[in-house]
Amino acid sequence: MRSRPSEWLFWPIWAALATWRRRGTYLRVDPRAAAIFRITLGTFLCFDTLRHFAEADFLYSNEGVLSNDYHLYRPASGNLFSFFHAFSTWREVSVLFALGLICHLCLVVGYRTRLFSILSFLFVTSRDSRMVLVENGGYVVENLACMWACFLPLGQRFSIDAWRASWRAKKETTLADLAPAARPVAPKTAVRTLVGLAVVVNLAFIYLFNVVNKTGYIWREGNTVHYVLHIDRMVTGIGVFVREHFPLALLKVADFTVLAVEATICACIISPHARKFTRPLAMILMIGLHTTLGLFMRLGPFSWALISWSPILLLPIHFERMDRFYRARSGGCELGIDTSDPFALTVARVVARLDHGGRVAIVEAPEGSVLAVKPVGANDAAWITAPRAMIRPLADALPFGRWFHRALRVVTLGQFDRGVSFVFERRTGIASLFGLTTTPVPDAAAPSPFDGRVAKAKTYFREALIGYLVLCATLQTWMENKIILKSIPPPLKEGQELRADERWWYDLAKRTLGGRTIPLKPERSPEFLQWTVTYPRTFQGWGMFAPNPIREDGVLAVDALTIDGRHVDPLTGRAPDLNLLDSRGEGLSQLRQDYGNRIRLDRNEPYRDQFRDYLLRYPSRTKNPKDELIAIDVYWVRDECPAPGQTKPQNNEAVPIISWRKAGYKPEAGGPALPPKLTTRSAEKPESKKKR
Amino acid sequence: MSVSDIARHFTRIDPRSLGLFRVLFGGALIADWLQRWQNRIAFYSNDGLLPNHAHLYQLKNSGRLVWSAMHAFSTPGEAAVGLLVILFFYVCFTIGWKTRAFHVLSLASLVSLSARNTFSEGPGEALAIALCALTLFLPLGTSFSLDAALAKIRLARETKPQHLLSPAALHTEAEAQRGRLPGYSPHSIAAIAVLGLAVLVLLTLAKLQSGASWKDGSALHNALNVYMVASPRGFWLRNSGLLGPLTHVVHASQWLVPILLVVPLVRGIARGGAAVLLLIYGLTYGLLTRYALFGGCFVALAALVIAHDTWDRFATKHVAKRVRTVIFDVDCGICFWLCKTLRRYDTAGHLVFQGNGEFPPSGSEEPGTRPMLLFRDDKTKKIVERPMPEGIDSALVERTVVVVRPDGSFATRGAAVVEIFRALPGFGWLGLALSLPGIAALRDRLYDVVARNRTKLSVEMGLNACGVQSVTKDVPLKDPVAPSTELRFRAQALVREIAVATIAIAIAIQSFQANGVGPKVKTTALEPVTWWTRATSRWDVLVPEPPALESKLVVDVVTKTDRKLDTMTGTEATISFDRPYRLGGQWAIYLERVTKEDNKALSDALRKYLTRRGPRYEPPEQNQMFAGTDAFWITKPALEETPITAERLFRHARGGAVLNPIVAPYVTTPQTTSPIGRRDQREAPRPEPDLQEDEDPKEQPLRFPESPGQELQ
């Protein structure tokens with residue numbers, strides 16, 4: 001019978017050894033998974049760029065809240081670089097956004113994939129660095145996803161690059177060239193690269209630290225979801241509905257569910273065993289969790305960036321299963337072509353490249369036709385020569401062709417088949433126009449041994465660079481996450497009180513070490529780490545609503561007096577609202593609400609004059625001279641979220657943070673008098689100041 | 001000569017001219033870059049004369065913004081990275097790799113470098129940008145470029161030795177034009193626009209340089225005796241007797257070149273003359289004065305004006321004495337590949353390639369079984385057979401390449417390579433270089449190494465190896481151009497012509513307005529084109545004549561370690577003008593503007609810069625002020641030693657240690673802390689203190705980033 005210590009040591013050691021033996025599996029990236037990741041990431045980047053473009057005037061131009069010259073003069077962070085600093089007016093910024101959108105679209109379709117993945121990365125980090133005031137964890141996720149994407153084999157499948165390479169590699173001119181054994185093979189072999197490990201482990205760490213950093217009592221008591229849904233500046237209409245109609249018990253269940261789901265996602269991602277189940281489970285949970293978060297809260301890119309990241313978890317076995325699933329529900333066919341017809345030959349070449357499953361046999365067309373289709377094994381009478389009728393059996397035989405065909409018909413409003421028919425009827429002219437011929441051309445030369453050596457050298461260089469970035473990411477994770485202590489025992493702040501269990505560990509550590517302290521983190525990050533991490537904004541601190549969620553809600557509100565005596569909030573165009581108690585969701589975008597939440601902080605006081613100047617430009621935006629402002633008071637309107645079991649927030653307070661009066665103003669007859677200037681004060685509560 | 005012939009002459013620039021222009025222009029850009037690299041801290045970083053935020057603020061207040069990517073770079077490290085990236089663009093453009101893309105990037109870089117410091121923009125930048133923009137629409141990579149070389153290799157479809165003799169494998173000029181292959185150059189307004197630009201600049205200068213010294217031939221001599229006008233080379237030649245005739249040549253060129261360019265007759269001679277004059281013109285300004293980039297542009301323009309006839313005469317001139325037959329190893333893939341490549345550079349048809357496959361295996365030869373030698377007949381230009389010269393047998397041709405001369409003698413090994421280069425138009429210099437003693441021995445050794453390992457090399461490069469037959473299907477040697485491709489080219493051509501016309505007209509109008517020469521065109525419609533691209537078209541090069549006064553800034557500094565020097569030169573402070581000015585055109589233009597214009601921010605920035613560092617002195621500790629600084633603006637008549645006037649621009653702390661007693665007799669406005677600009681300050685105050693004299697950056701530490709991932713606490 002085994003003794004107790006070795007018993008409970010056995011399983012972790014076995015798991016660690018088993019994981020070590022399977023370490024190679026982490027280094028492999030399936031090109032199909034990388035391609036789908038590319039498409040989802042690119043699509044997300046496109047939408048996120050459009051989202052930011054909608055606020056380009058407010059945030060990224062000199063007509064907005066922070067001009068480029070001022071941000072350069074007083075950067076919001078050290079090691080800050082952004083191409084956006086070179087663009088001043090809204091028009092200039094629009095050009096940059098357009099260029100960024102083009103880069104993302106090229107990434108989606110896989111055109112010059114590597115180049116546009118790097119340019120997309122430069123664009124998103126530049127955009128982030130230009131307006132650090134609205135940056136949150138989602139931006140960091142976006143930056144990281146783009147950074148790792150630069151090293152992944154994104155363009156090997158489902159891309160224009162792959163298509164062009166295949167098209168140029170070989171021009172088939174005979175039926176023998178088009179036989180399944182002779183066709184170009186799309187890459188299926190997983191690529192072995194360190195970035196495969198990096199991208200998976202980074203994803204897992206996001207969830208791991210999001211879980212372990214949540215050590216606060218509110219999480220333990222299950223009240224986080226309740227508090228979060230009462231933050232009116234973030235909550236959506238769906239979130240308001242839930243908080244008003246769902247009982248507290250259900251919200252507590254949601255609280256623990258979030259923790260459980262995040263922990264499960266981390267475990268599923270990192271598990272080296274049963275990955276054919278754990279990986280899809282992780283994807284499903286990620287999509288479910290983040291879609292829910294995204295529906296309830298306006299958090300910006302966080303949810304969607306992580307959802308777009310999830311396809312990288314797919315494995316070859318998943319693609320094989322999807323292929324088997326489809327094959328069981330579809331049939332093969334024979335495509336007959338006349339090899340002397342260039343149009344038919346081109347169609348056959350296209351089909352040969354789409355037919356990864358080898359289910360389309362390309363044979364000689366029946367007499368009198370250039371293109372024909374029939375089911376496999378059917379007799380000659382079954383040949384279909386009508387163009388529209390050929391599409392369906394052909395699509396059916398291609399991988400997921402039936403669904404793509406349906407999608408194409410929807411997108412083209414049912415005109416796809418007609419379009420194919422139109423092209424077929426004019427095939428001679430089209431073939432002539434595009435110079436389609438049946439003349440052979442030399443096959444693209446196979447890579448020479450020298451090419452192989454050069455490719456290997458590039459691979460080593462790439463892996464070395466990835467290794468450096470992995471090292472930096474690891475160090476940054478260590479440095480940034482507060483759950484990893486600064487030393488053992490940890491330094492205590494003046495007046496800090498420990499819980500009983502914390503006190504027990506603290507005393508144990510002191511006793512064991514005999515009064516010595518083991519430092520776990522240096523005082524300052526090394527400079528190379530600061531450069532590598534800060535410039536591209538690829539931090540590694542993860543703790544959304546950690547250790548506890550915020551319990552104080554707040555929005556920026558402006559009470560501005562116009563020259564004709566009206567009180568208006570230039571941010572909304574409506575009357576100022578200094579009462580948050582009756583709010584049922586402020587409807588603010590993430591950009592606006594994060595900007596408000598940051599500008600009210602004392603450390604961002606230097607940027608308030610720029611915000612005031614933005615407000616003063618109100619009449620130029622409304623094109624109404626009567627909107628000229630003679631007095632501005634900017635408030636941070638805050639309240640305390642209701643305690644669990646309650647529904648009404650309390651202690652509404654409007655803290656003036658900016659107060660401005662027009663110098664030398666003399667009211668005209670009937671004009672408003674200038675109200676007295678308010679005394680501004682800090683919008684940070686004493687407790688939060690002490691924490692810093 | 002018909003009208004269409006004339007039109008074709010003016011609307012097309014020979015592709016070889018385009019290629020050579022690209023190389024020379026790229027070289028001028030790189031030379032300009034070197035000067036800017038030396039000034040990177042002063043002009044492109046926030047430790048310099050004009051921090052990016054101050055520049056943007058100035059521009060914003062003046063209501064005239066410019067665009068420059070360099071505004072995004074703040075620290076000296078970032079500025080260095082930015083400049084190195086720009087160098088990469090320039091190098092790729094110069095060697096002709098992905099030419100169009102790097103042409104665009106080079107233009108954006110040039111605009112950025114110029115616009116970053118609008119106070120130091122000169123005529124060189126304006127001309128270079130205009131030239132770069134107009135030539136953007138011409139295929140500069142079509143010749144003498146890596147792109148062209150790779151394209152030629154890619155298009156080479158010969159697979160058998162006999163294909164090397166077939167003209168069907170080579171693309172004709174018409175095919176190159178139709179398919180936009182190497183050697184392509186379009187008929188385009190861009191050709192007229194580029195030459196028109198040269199004419200415009202020259203005629204404008206001819207009109208503006210109306211001073212007496214230009215007429216009497218003393219302008220260059222006077223110019224080179226002005227401190228901040230002469231380059232170091234120009235300084236040493238300032239009293240040369242050649243300057244008089246050179247002045248006349250330069251001045252006359254401004255009239256002659258336009259005439260020679262416009263003349264449609266004897267165009268070879270006319271264009272050749274124009275090219276020579278432009279070369280002299282460009283080298284004069286480029287080497288002798290501070291207008292290096294301006295001069296470099298004209299050197300590059302000299303290449304553009306070379307006529308098609310001249311190139312053809314040079315490239316296709318068939319010289320009987322240079323005809324060679326190259327007997328190569330047919331089983332060697334790399335040898336065959338080299339033959340295919342060399343064939344594409346043999347525009348004169350001097351080389352005939354003959355494989356050694358017809359030779360019987362060595363050792364099995366019988367008398368009379370040697371193959372005939374293929375040779376190009378001088379009169380008919382056709383390939384004929386003649387007896388193989390004695391000494392060329394199977395053993396020899398298996399061992400080395402053999403190049404047979406017209407007289408029957410032959411060369412082997414490295415010498416054969418020399419013969420090949422001598423036969424190729426434009427490569428004779430390489431053959432000569434490889435024949436030099438010492439190099440010849442190295443050449444032969446290298447040849448032996450390659451020959452011994454040619455099989456391995458062939459395998460390594462994926463080419464045929466000895467004894468291995470390649471399985472290739474019979475494919476046509478050329479592909480026709482598809483109609484859709486032709487349509488696409490036409491659509492591109494239309495867009496190109498519209499864009500070129502817009503830019504050319506914008507530059508012309510800007511030139512008329514900026515220089516006050518030419519038709520009085522009153523329009524601002526196209527002004528944004530020249531404003532945003534900084535093609536300001538102001539050609540004020542020594543107009544109306546070189547300045548009569550020369551000036552210099554002397555910064556007498558005492559460092560914290562008690563070292564005494566002038567930070568503008570790195571040597572001891574002196575008011576004499578007996579040493580050349582080494583800081584280049586950018587500093588010269590900047591200093592002239594900052595001492596003349598009323599710009600408090602510029603003055604403050606210069607003062608702040610000079611109290612901490614200088615263009616020729618970087619203190620060991622960054623951002624520490626000197627113990628004392630005195631800055632003097634010294635002026636005297638050029639060509640004379642007296643009278644000298646000195647103006648103290650500012651004094652910092654205890655002042656300098658050397659010049660005070662020396663300049664005391666010359667100081668005309670004894671102020672202790674005068675602003676550098678002479679007129680009243682009309683600058684709008686900046687809300688935040690920006691450029692205060694004693695501002696210490698350490699008092700405003702940058703905030704370390706907080707983790708945004710841990711927000712929402």
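Here is how names work: the chains are called A, B, and so on, in the same order as the sequence lines, proteins then strands, and each is numbered from 1.
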Which region of A/L80, side chain (C-beta onward) or backbone (N, CA, C, O), has a non-hydrogen atom less than 4.5 Å from a non-hydrogen atom of chain B, or is it both or neither?
-> backbone
Which bit of A/S82 is near chain B, if near means a heavy-atom gap under 4.5 Å: side chain, backbone, both or neither?
-> backbone
Please work out which of the three classes, parallel, tilted or perpendicular, describes the rings of B/F102 and B/F89, given edges at 30° and 60°.
-> tilted
When the 4.5 angstrom heavy-atom criterion is applied to A/F302 and chain B, the contacting part is neither
Part of B/L487 lying under 4.5 Å from any heavy atom of chain A | side chain
Hey, is A/R598 close enough to A/D594 for a salt bridge, meaning N to O under 4.0 Å?
-> yes
A/Y207 and A/F209: aromatic ring centres closer than 6.0 Å?
-> no
Contact leader toward chain A among B/M461, B/E460, B/H71, where contacts are heavy-atom pairs under 4.5 Å = B/E460
When you measure from the centre of the six-membered ring of B/W532, is the NZ or CZ of B/R534 under 6.0 Å away and within 45° of the axis?
-> no
With distance as the sole criterion, is a donor-acceptor pair present between the side chains of B/Q492 and B/R180 under 3.5 Å?
-> yes
Pair count under 4.5 Å, heavy atoms only, with chain B: among A/A446, A/S432, A/G216, highest is A/S432
May I ask you to say whether A/E684 pairs ionically with A/R603, meaning some side-chain N is under 4.0 Å from a carboxylate O?
-> no
Identify which part of A/R130 has an atom lying under 4.5 Å from any heavy atom of chain B, answering side chain, backbone, both or neither.
-> neither
Evaluate the ring planes of A/H85 and A/H71, with Trp represented by its six-membered ring, and classify them as parallel (under 30°), tilted (30 to 60°) or perpendicular (over 60°).
-> tilted
Against chain A, label B/S74 side chain, backbone, both or neither, depending on which of its atoms sit under 4.5 Å from a heavy atom there.
-> side chain
Using distance alone, with no hydrogens and no angle criterion, decide if A/S448 and A/D451 have a side-chain donor and acceptor under 3.5 Å apart.
-> yes
One option among B/T485, B/L59, B/L65 has the most heavy-atom pairs under 4.5 Å with chain A, and it is B/L65
By a 4.5 Å heavy-atom criterion (distance strictly below it), what part of A/S67 contacts chain B: side chain, backbone, both, or neither?
-> side chain
Using non-hydrogen atoms and a 4.5 Å limit, figure out which bit of B/R157 sits close to chain A: side chain, backbone, both or neither.
-> side chain
